[in-house]
Number of protein chains: 2
Amino acid sequence: MNVMNASPRRKELTRLAAQLFVQEGFDRTTVRMLAQEMGIKSGSLFHHFKDKQEILAAVIEEGTHNALAIAKRSLDESPPSPEARLRAMARAHLETLFTDRNAHVVALFEWRRLDDSAKAHLSHLRDAYEALWVQVIEEALAAGLIHGDRFLISRFVLGALNWTVRWYDPAGPRTPDELADELIAMIMPAR
Amino acid sequence: MNVMNASPRRKELTRLAAQLFVQEGFDRTTVRMLAQEMGIKSGSLFHHFKDKQEILAAVIEEGTHNALAIAKRSLDESPPSPEARLRAMARAHLETLFTDRNAHVVALFEWRRLDDSAKAHLSHLRDAYEALWVQVIEEALAAGLIHGDRFLISRFVLGALNWTVRWYDPAGPRTPDELADELIAMIMPAR
DNA sequence: TGTTTACACTAGCGCTTGCTTGGTTACTAT
DNA sequence: ATAGTAACCAAGCAAGCGCTAGTGTAAACA
């Protein structure tokens, strides 16, 4: 088995797996389906991954890692005003949600299928991402842009954003950035 | 097989199935697990339901039906002001989400497992429910309580509300009604 | 040149899955 | 008493599942 996590072949396989997991769901995706999609036989799969679980973990890790990187970069490049930073986070969230869509849908809806050790490892990444949100929202609260409980707000906002994968079509008339701006406008009393 | 949809035995079985589907997910719940939970043998299950799919459809139909009934009743009993009606819808949504929690979690996260004919049948119920939301939001827009695109707002709000099943604990310090009120406050500029 | 490594293959094991079959029991209506 | 029906059970089938064992091959390395 290949232990090097960043093998380019493995990365490509992870991408294909994410697509199948979204189409069929993790449980319904068989190792034979995965192998066929990758152009190999099912036995060969286990040269790259220890077991099926590990494929799932690789998909989710990849997606969450990217989300964290994009959010940090966006915040760094954003003007320092609380409103700009709030907008930057919302835009970054939708950007990563729809460029890396497959991985994120898997992360959102197949999280429970991870075994305990994978969950423990990955929840650190996820918590780091949520912490960015709470921080930006705290700044917005302090500036009087919004009102309410910071955890409640971050969860409502994340819920609204994550739910977009269920209905939003990036090929439609509205860009992800516009979508993010509309949400920010919705929760900001002041104009 | 029992064709009478409202057989009391079948209703009880549906309730138990909902619980297992939430715990394990639809795919991971085997007919043997379902049967054991119900105190019968796996073969006997197919006296009550044509196949495993039909159990899922029964769970989702029951939940969606209740949600629609509760929302309609809440609107009837609400004062006629747009703000009161908006608040009533949000409260009704969380009320049904957490009294009928199992059925709704299944409806939200196992919808894709339904076959096409079941989807077609049940999406009518769901559309009727969403239409109530769009209507109430239209009234709030007309009254100047909120601003923006009505479909966008209803989807953001429903997303935020539905996502609560992932983090909210009804046994915690906040009641569902308070939660609903906080969300309404978040999207209403005027105080 | 000989050895290792990466990657793929064939073949199939042991197990679980949804579902069917044929029959039994208890109750109810005639 | 008789017939009908709802609810259940024991047994098991055919298909599919994740995964393993053992082998082949070509490139990279010593």
Side-chain angles (χ1 to χ4, degrees), chain A residues 1-60 106 110 112-119, chain B residues 1-60 106 110 112-119:
Chain A
M1 203 237 329
N2 190 347
V3 282
M4 180 64 180
N5 208 13
S7 142
R9 180 84 173 121
R10 186 174 148 126
K11 222 165 188 175
E12 171 64 7
L13 297 184
T14 303
R15 213 185 50 82
L16 287 169
Q19 191 191 334
L20 262 182
F21 288 163
V22 169
Q23 263 174 47
E24 308 287 331
F26 177 70
D27 289 325
R28 295 219 157 161
T29 305
T30 69
V31 292
R32 286 165 180 84
M33 291 164 67
L34 286 165
Q36 188 173 32
E37 194 75 6
M38 298 165 178
I40 58 180
K41 298 295 175 181
S42 75
S44 312
L45 235 173
F46 296 91
H47 171 73
H48 300 279
F49 300 93
K50 176 172 135 281
D51 53 22
K52 200 186 161 190
Q53 275 276 336
E54 202 184 78
I55 308 180
L56 177 62
V59 167
I60 295 184
V106 171
E110 308 282 0
R112 321 155 13 104
R113 300 292 161 238
L114 291 169
D115 58 33
D116 288 344
S117 66
K119 253 183 223 158
Chain B
M1 204 239 326
N2 190 347
V3 282
M4 180 65 181
N5 208 13
S7 142
R9 181 82 175 124
R10 185 172 149 129
K11 219 164 192 177
E12 172 64 6
L13 298 184
T14 303
R15 211 186 50 83
L16 287 169
Q19 191 192 332
L20 262 182
F21 288 163
V22 169
Q23 264 175 46
E24 309 287 332
F26 177 71
D27 290 324
R28 294 221 158 160
T29 305
T30 68
V31 294
R32 285 165 181 82
M33 292 164 66
L34 286 165
Q36 188 173 31
E37 194 76 7
M38 297 164 179
I40 58 179
K41 299 293 175 183
S42 74
S44 313
L45 238 171
F46 297 92
H47 171 72
H48 300 279
F49 300 93
K50 176 172 136 281
D51 54 22
K52 200 185 161 192
Q53 275 275 338
E54 202 185 78
I55 309 181
L56 178 62
V59 167
I60 295 184
V106 171
E110 308 284 0
R112 323 156 10 105
R113 300 292 161 240
L114 290 169
D115 58 32
D116 288 344
S117 65
K119 253 182 224 157

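Throughout, protein chains are lettered first and strands after them, A, B, ... in sequence-line order, and every chain is numbered starting at 1.
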Inset, instruction - May I ask you to verify if any side-chain N or O of Ser44(B) is less than 4.0 angstrom from the OP1 or OP2 atom of dC9(D)? - result: yes
Inset, instruction - Applying side chain to side chain contact (heavy atoms under 4.5 Å, CB included), name anything that partners Arg15(B), two or more places apart in sequence or on another chain. - result: Glu12(B)
Legend entry - the helix from dG2(C)-dC29(D) to dT30(C)-dA1(D): angle between end helix axes, five pairs per end, rounded to 10 degrees: 10°
Inset, instruction - Take atom CD1 of Ile55(A) and atom P of dC19(D), then tell me their distance rounded to the nearest Å. - result: 8 Å
Legend entry - Interatomic distance, Leu56(A) CG vs dG18(D) C1' [rounded to whole Å]: 15 Å
Legend entry - His47(B) side chain near dC8(D) phosphate (N/O to OP1/OP2, under 4.0 Å): no
Legend entry - Under 3.5 Å: donor-acceptor pair, side chain of Arg10(A), backbone of His48(A): yes
Inset, instruction - Take nucleotides 21-29 of chain C nucleotide by nucleotide from the 5' end and write B, S or -, depending on whether a protein heavy atom sits under 4.0 Å from the base, only from the sugar-phosphate, or from neither. - result: ---------
Inset, instruction - Provide, to the nearest angstrom, the distance between the CG atom belonging to Leu45(B) and the P atom belonging to dG18(C). - result: 10 Å
Inset, instruction - Output yes when a side-chain donor or acceptor of Ser44(B) lies under 3.5 Å from a complementary backbone atom of Ile40(B), and no otherwise. - result: no
Legend entry - Any Lys41(A) side-chain heavy atom under 4.5 Å of Arg32(A) side chain: no
Legend entry - Rounded distance in Å - CZ (Phe46(B)) to P (dG12(D)): 18 Å
Legend entry - Arg9(A), nearest nucleotide to its side chain (from dA7(D), dC19(C), dA8(C)): dA8(C)
Legend entry - Neighbours of DNA chain D within residues 18-33 of chain B, by heavy-atom distance under 4.0 Å: Arg32(B)
Inset, instruction - Could you tell me whether the phosphate oxygens of dC8(D), OP1 or OP2, come under 4.0 Å of any side-chain nitrogen or oxygen in His48(B)? - result: yes
Legend entry - Distance in Å, Asp27(A) CG paired with Glu24(B) CD, rounded so as to fall on 0.5 Å steps: 10.5 Å
Inset, instruction - Round to a whole Å and report the spacing from CZ of Phe49(B) to P of dC8(D). - result: 11 Å
Legend entry - DNA chain C contacts among residues 34-42 of chain A, heavy-atom distance under 4.0 Å: Ile40(A), Lys41(A)
Legend entry - Distance, nearest 0.5 Å, that separates CG of Asp115(B) from CD of Gln53(B): 4.5 Å
Inset, instruction - Write down the distance between CD (Glu54(A)) and P (dC19(D)), rounded to a whole number of angstrom. - result: 11 Å
Inset, instruction - Hey, could you give me the CD/CG distance between Glu54(B) and Leu45(B), rounded to the nearest 0.5 Å? - result: 11.0 Å
Inset, instruction - Measure the spacing between CZ of Arg113(B) and CZ of Phe26(B) and express it to the nearest 0.5 Å. - result: 8.5 Å
Legend entry - Nucleotide dG18(C), atom C1' - distance to NZ of Lys52(B) in whole Å: 8 Å
Legend entry - Contacts of Ala17(B) that satisfy side chain to side chain contact (heavy atoms under 4.5 Å, CB included) - sequence neighbours left out: Phe21(B), Leu34(B), Met38(B), Ile55(B), Val59(B)
